Amino acid sequence: MKVRVKLFGLLAAQLGDEIILDLPQEIEVSALKARIAAKDASLKKWLSLSRVALNQEFVTSKKIRLKPDSEVAIIPPVSGG
Amino acid sequence: MAFIEINEQPIDVLKLQQKLIAPEYGGLDIFIGFVRQWTGKTETKKIEYSSYRPMAIKQLTKIAAKIEKKGGRVVIKHRLGELKVGDLAVFVGVAAPHRKEAFKWCQYAIDTLKEEVPIWKKEYDTDKVRWGNS
């Protein structure tokens with residue numbers, strides 16, 4: 001299923017604000033990050049430090065379940081304030 | 001009811017402070033973060049703030065709700081866009097019945113903001129550009 005994945009910070013600067021990935025209904029967070037790292041290996045370190053958000057909530061489990069309208073975002077280390 | 005705002009408009013401290021004054025409170029603690037010129041030997045020229053706005057608002061609302069459940073009032077404003085040295089980036093104000101809670105809750109709010117709220121800074125130093133604290 002095609003899922004839009006939002007990117008921010010350095011990740012967005014390298015790959016754009018959003019990428020569309022063909023993902024299974026259920027995917028491990030690490031596998032999702034690996035799919036993005038495959039687009040730009042230099043982002044590996046940042047991706048390892050990043051969290052994933054599903055429908056604007058941080059994911060705390062190892063796997064996520066996706067629907068076509070799921071809002072997926074990769075959240076690099078935040079630096080507000 | 002908490003007031004939460006994330007946008008490019010400058011931070012008006014007095015206007016935000018006014019939202020925190022009410023008869024049930026006796027103290028108010030405000031944290032203001034602004035753009036610092038020097039970090040050790042690194043000189044900052046400007047900072048660009050960006051956010052995942054809807055999620056950031058949600059996260060800030062959660063922080064505020066936790067404090068307001070205990071009896072405080074919360075006002076948080078984070079500025080986005082390009083800020084130069086000295087520009088205010090964040091305002092966190094917490095009113096409480098007594099000073100002890102005001103200090104404690106305000107510190108909790110800004111510390112949690114720095115950990116859990118999807119806002120990012122791109123820092124332009126005199127010799128390089130870096131994301132966050134990298």
Side-chain angles (χ1 to χ4, degrees), chain A residues 3-21 23 27 29-30 32-33 35-37 39-62 64-81, chain B residues 4-7 11 30-36 39 44 47-63 76-81 83 87-92 106-124 128-134:
Chain A
V3 178
R4 288 170 191 277
V5 179
K6 290 178 181 289
L7 302 174
F8 297 94
L10 177 85
L11 304 177
Q14 300 279 105
L15 294 174
D17 293 341
E18 200 172 82
I19 51 171
I20 295 172
L21 294 177
L23 300 175
I27 185 166
V29 167
S30 57
L32 172 60
K33 289 183 182 180
R35 291 287 300 275
I36 298 161
K39 293 191 178 287
D40 184 343
S42 73
L43 296 176
K44 258 190 181 163
K45 188 194 127 202
W46 275 88
L47 283 161
S48 72
L49 298 169
S50 296
R51 285 185 275 179
V52 171
L54 179 60
N55 300 325
Q56 302 172 8
E57 298 285 348
F58 282 119
V59 170
T60 51
S61 55
K62 276 192 167 174
I64 51 173
R65 283 190 71 83
L66 299 168
K67 293 179 191 162
D69 62 346
S70 293
E71 188 171 315
V72 180
I74 311 295
I75 312 287
V78 302
S79 50
Chain B
I4 302 216
E5 199 171 68
I6 300 175
N7 61 30
I11 290 175
I30 295 174
F31 173 83
I32 294 172
F34 46 94
V35 179
R36 181 179 56 240
T39 303
T44 299
I47 292 181
E48 258 174 42
Y49 283 98
S50 58
S51 85
Y52 179 14
R53 213 170 153 272
M55 182 173 171
I57 298 263
K58 266 194 186 178
Q59 291 291 101
L60 288 175
T61 304
K62 276 190 221 168
I63 295 170
I76 301 175
K77 152 102 187 207
H78 204 296
R79 197 170 171 195
L80 299 179
L83 274 67
D87 282 346
L88 308 193
V90 66
F91 174 105
V92 177
C106 186
Q107 171 138 32
Y108 164 77
I110 182 63
D111 287 354
T112 313
L113 180 154
K114 281 180 164 281
E115 297 284 324
E116 302 292 330
V117 178
I119 296 174
W120 296 273
K121 65 175 173 185
K122 186 180 184 185
E123 199 163 323
Y124 294 79
K128 62 189 172 308
V129 175
R130 58 198 169 105
W131 282 93
N133 305 309
S134 64

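Numbered from 1 within each chain, the chains take letters A, B, ... in sequence-line order. Keep in mind that this is a model prediction, so the values were computed, not measured.
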Residue by residue, which of residues 74-81 of chain A have a heavy atom closer than 4.5 Å to a heavy atom belonging to chain B? A:Ile75, A:Pro76, A:Pro77, A:Val78, A:Ser79, A:Gly80, A:Gly81
Ordered numerically, the heavy-atom neighbours of chain B under 4.5 Å found in residues 41-53 of chain A are A:Trp46, A:Arg51, A:Ala53
May I ask you to decide if B:Glu116's main-chain N or O and B:Gln59's side chain share a donor-acceptor pair within less than 3.5 Å? yes
Most chain A-contacting option - heavy-atom pairs closer than 4.5 Å, from B:Glu48, B:Arg79, B:Glu115, B:Arg130: B:Glu115
Between B:Ile119, B:Val117, B:Ile47, the one whose heavy-atom pairs under 4.5 Å with chain A are most numerous: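 Max contact count across the listed options: B:Ile119.
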State, to 0.1 Å, how close B:Arg36 and B:Thr44 come at their nearest heavy-atom pair, and which atoms those are.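 Minimum heavy-atom separation between B:Arg36 and B:Thr44: O-CB, 3.4 Å.
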Return the CH2 to CG distance between B:Trp131 and A:Leu11, rounded to the nearest 0.5 Å. 9.0 Å
Close side-chain approach of [X] to [Y], heavy-atom, < 4.5 Å:
X: B:Leu88; Y: B:Val35; answer: no
X: B:Ile11; Y: B:Asp87; answer: no
X: A:Val3; Y: A:Leu21; answer: no

Decide yes or no on side chain to side chain contact (heavy atoms under 4.5 Å, CB included) for B:Lys58 and A:Glu57, but give the supporting numbers first. CA-CA 8 Å; B:Lys58 266 194 186 178; A:Glu57 298 285 348; 4.0 Å; yes
Given heavy-atom pairs under 4.5 angstrom as the criterion, report whether the side chain, backbone, both or neither of A:Ala12 touches chain B. neither
Any chance you could lay out the side chain to side chain contact (heavy atoms under 4.5 Å, CB included) test for B:Val90 and B:Ile32, step after step, and finish with the verdict? CA-CA 6 Å; B:Val90 66; B:Ile32 294 172; over 6 Å; no
Listed partners of B:Tyr49 passing ring-ring contact (aromatic ring centres under 6.0 Å, His included), at least two apart: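 For B:Tyr49 the ring-ring contact (aromatic ring centres under 6.0 Å, His included) partners, ignoring immediate neighbours, are B:His78.
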side-chain hydrogen bond (donor to acceptor under 3.5 Å, both in side chains) assessment of A:Asp40 paired with A:Gln14: CA-CA 8 Å; A:Asp40 184 343; A:Gln14 300 279 105; 3.1 Å; yes
Would you list the pairs meeting salt bridge (charged side-chain N to carboxylate O under 4.0 Å, His left out) in which at least one residue belongs to residues 4-21 of chain A, sequence neighbours left out?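 Only A:Arg4-A:Glu18, A:Lys6-A:Glu18 qualify under salt bridge (charged side-chain N to carboxylate O under 4.0 Å, His left out).
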